[in-house]
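The structure displayed is predicted, hence computed values, not measured ones.
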Amino acid sequence: MNLMTELSPALSTIDQHHIDRRRYPHGVAFMDGQYLPMSEAKISVLDWGFLHSDATYDTVHVWDGRFFRLDLHLDRFLAGVERLRMKLPYDREKIASILKQCVALSGHKSAYVEMICTRGSSPTFSRDPRQAENRFIAFAVPYGSVANKEQLERGLHVAISETVRIPPNSVDPAIKNYHWLDLVKGLFDAYDKGAETALILDTNGHVAEGPGFNVFLVKGGSLRTPAFGVLPGITRRTVFDLCAEIGLAVTAADISRDDIKTADEVFITSTAGGIMPVTRIDDTTITKGQVGSITRRLMDLYWQKHADPAWSTAIIYP
Ligand code: PLP
């Protein structure tokens with residue numbers, strides 16, 4: 001009898017295979033030089049990425065068989081890797097081709113694609129991060145959105161949590177990271193209040209961001225998004241680009257709780273869902289509970305850009 005069956009006598013390899021197939025989304029991962037089904041992409045529990053959140057990552061999406069703004073995601077990822085003093089085993093072109101291959105092999109025409117670099121672990125279990133062998137992982141799974149179809153039509157109900165986002169002088173939010181305990185606490189606070197998602201605060205008590213998204217308000221025809229203590233989101237950047245195209249004023253500056261509750265329109269932005277309307281914050285109704293006209297216009301334009309070769313890259317499927 002081997003150790004595995006002694007520890008879990010009822011779980012045969014075949015049962016395990018079925019459980020894994022149900023538990024994992026359909027998709028393809030790349031790690032240690034190989035493409036694998038999602039259920040087989042596993043890392044050591046000794047990886048510092050797991051033990052200490054010592055990792056950076058980026059998420060890009062594929063829509064209708066095309067990456068959206070892949071170059072911007074690669075720029076942000078590579079800058080984060082460098083700032084964390086990690087080394088990737090592949091250059092930018094190779095990473096782009098690995099991401100394309102994960103999507104092509106998965107067959108997904110709409111996908112959520114992640115690239116990750118973890119500190120890895122040291123062959124001698126040294127506690128010195130310089131000795132660790134950094135690890136690159138990528139995967140493509142079906143596209144997912146912060147807001148579901150119904151929420152996109154009626155607008156999200158968001159609660160503002162008292163939780164403060166980890167300060168930028170502790171963890172630089174420009175390095176996309178997995179330090180999510182503050183964001184997850186915010187989510188539980190929001191659920192306790194009957195809301196659907198959360199916004200949390202920066203160290204000065206202003207509105208910062210939410211679990212996986214930035215936030216914008218519209219007031220008197222101009223847009224504003226927090227400047228401090230937030231991830232410079234690619235969708236946030238895309239809103240700036242779209243506003244420039246259609247002549248709307250947009251700035252990055254502090255947003256107080258009062259500012260956001262008295263805004264004409266509010267929306268959140270993420271690679272997972274794009275531009276998503278908010279129509280209720282705590283007990284305050286925004287835009288009379290309707291999706292605002294500027295939000296709607298930006299949402300339409302955002303999705304139109306997914307077919308534009310200046311903003312997107314086609315994937316060649318086998
Ligand atoms: N803020 C945080 C904390 C995030 O994790 C994310 C995305 O995952 C965002 C904002 C939105 O960034 P992007 O538009 O690049 O997806």
Side-chain angles (χ1 to χ4, degrees), residues 27-28 57-79 92-115 138-149 151-153 174 176 212-216 218 221-225 231-252 265 267-278 291-318:
V28 170
Y57 75 111
D58 217 288
T59 307
V60 55
H61 72 240
V62 170
W63 193 254
D64 237 348
R66 305 177 72 86
F67 275 113
F68 189 61
R69 313 207 86 178
L70 177 59
D71 276 338
L72 296 181
H73 288 278
L74 286 169
D75 289 347
R76 185 171 66 180
F77 177 62
L78 296 175
R92 183 187 178 99
E93 282 64 41
K94 178 68 182 169
I95 290 171
S97 87
I98 291 169
L99 299 176
K100 283 178 191 158
Q101 189 66 355
C102 285
V103 179
L105 291 173
S106 77
H108 294 313
K109 295 285 165 6
S110 300
Y112 179 93
V113 185
E114 208 159 299
M115 60 203 100
F139 62 82
V141 290
Y143 181 75
S145 170
V146 173
N148 62 31
K149 194 167 176 291
Q151 291 166 335
L152 287 171
E153 277 157 19
K176 195 167 155 68
F213 54 82
N214 294 112
V215 63
F216 284 77
V218 184
S222 312
L223 290 86
R224 195 179 349 148
T225 187
L231 174 77
I234 305 299
T235 324
R236 174 181 181 270
R237 151 85 191 263
T238 299
V239 169
F240 277 75
D241 294 340
L242 295 176
C243 285
E245 254 191 44
I246 59 177
L248 285 173
V250 54
T251 53
E265 299 180 30
F267 60 82
I268 60 170
T269 60
S270 173
T271 294
I275 297 170
M276 296 166 276
V278 172
V291 178
S293 58
I294 291 182
T295 306
R296 170 93 49 218
R297 188 171 174 206
L298 289 168
M299 285 169 79
D300 290 347
L301 209 51
Y302 173 81
W303 288 108
Q304 277 167 30
K305 292 291 183 190
H306 284 66
D308 182 339
W311 297 59
S312 63
T313 325
I315 288 158
I316 298 153
Y317 292 84

State, to 0.1 Å, how close [X] and [Y] come at their nearest heavy-atom pair, and which atoms those are.
{"X": "V113", "Y": "A140", "value": "CG2-CB, 4.2 Å"}
{"X": "R76", "Y": "G233", "value": "NH1-CA, 3.5 Å"}
{"X": "G27", "Y": "S106", "value": "CA-CB, 4.3 Å"}
{"X": "P318", "Y": "A104", "value": "CD-O, 3.5 Å"}
{"X": "R69", "Y": "D241", "value": "NH1-OD2, 2.9 Å"}
{"X": "A307", "Y": "S312", "value": "C-OG, 3.9 Å"}

Residue pair [X] / [Y], side-chain heavy-atom distance below 4.5 Å:
{"X": "S110", "Y": "D64", "result": "no"}
{"X": "R92", "Y": "D75", "result": "yes"}
{"X": "L152", "Y": "M276", "result": "yes"}
{"X": "K305", "Y": "E245", "result": "yes"}
{"X": "V278", "Y": "V215", "result": "no"}
{"X": "I315", "Y": "F67", "result": "yes"}
{"X": "V239", "Y": "T225", "result": "no"}
{"X": "L74", "Y": "L70", "result": "yes"}

### Message
Test of understanding: with salt bridge (Lys or Arg N to Asp or Glu O under 4.0 Å), list the residues that count as partners of R297, not counting sequence neighbours.
### Response
none

Which label fits [X] and [Y]: parallel for a plane angle under 30°, tilted from 30 to 60°, or perpendicular past 60°?
{"X": "W63", "Y": "H306", "result": "perpendicular"}
{"X": "W311", "Y": "F68", "result": "parallel"}
{"X": "Y302", "Y": "H61", "result": "perpendicular"}

### Query
Mind checking what makes ring pair (Phe, Tyr, Trp, His ring centres under 6.0 Å) contact with F216, not counting sequence neighbours?
F267

### Task
Kindly determine whether L248 and V218 satisfy side-chain contact (heavy atoms from CB on, under 4.5 Å), including the steps that lead there.
CA-CA 10 Å; L248 285 173; V218 184; over 6 Å; no

#### Entry: SB check R296 D300 (cutoff 4.0 Å)
no

### Task
Considering only NZ, NE, NH1 and NH2 on the basic side and carboxylate oxygens on the acidic side, decide whether R66 and D308 come within less than 4.0 Å.
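Looking at D308 together with R66, the answer is no, because their closest N to O distance does not fall below 4.0 Å.
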
### Message
For the backbone of F139 and the side chain of Y112, can you confirm whether one donor and one acceptor N or O come within less than 3.5 Å of each other?
### Response
no

### Task
Without swapping roles, check the side chain of H108 against the backbone of V103 for a donor-acceptor pair under 3.5 Å.
no

Distance check, rounded to the nearest 0.5 Å: [X] atom [atom1] versus [Y] atom [atom2]?
{"X": "I234", "Y": "L72", "atom1": "CD1", "atom2": "CG", "result": "5.0 Å"}
{"X": "T235", "Y": "L242", "atom1": "OG1", "atom2": "CG", "result": "10.5 Å"}
{"X": "I316", "Y": "Q101", "atom1": "CD1", "atom2": "CD", "result": "10.5 Å"}
{"X": "E114", "Y": "L99", "atom1": "CD", "atom2": "CG", "result": "10.5 Å"}

### S270: which of V146, I275, N214 passes side chain to side chain contact (heavy atoms under 4.5 Å, CB included)
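Exactly one option meets the side chain to side chain contact (heavy atoms under 4.5 Å, CB included) with S270, and it is V146.
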
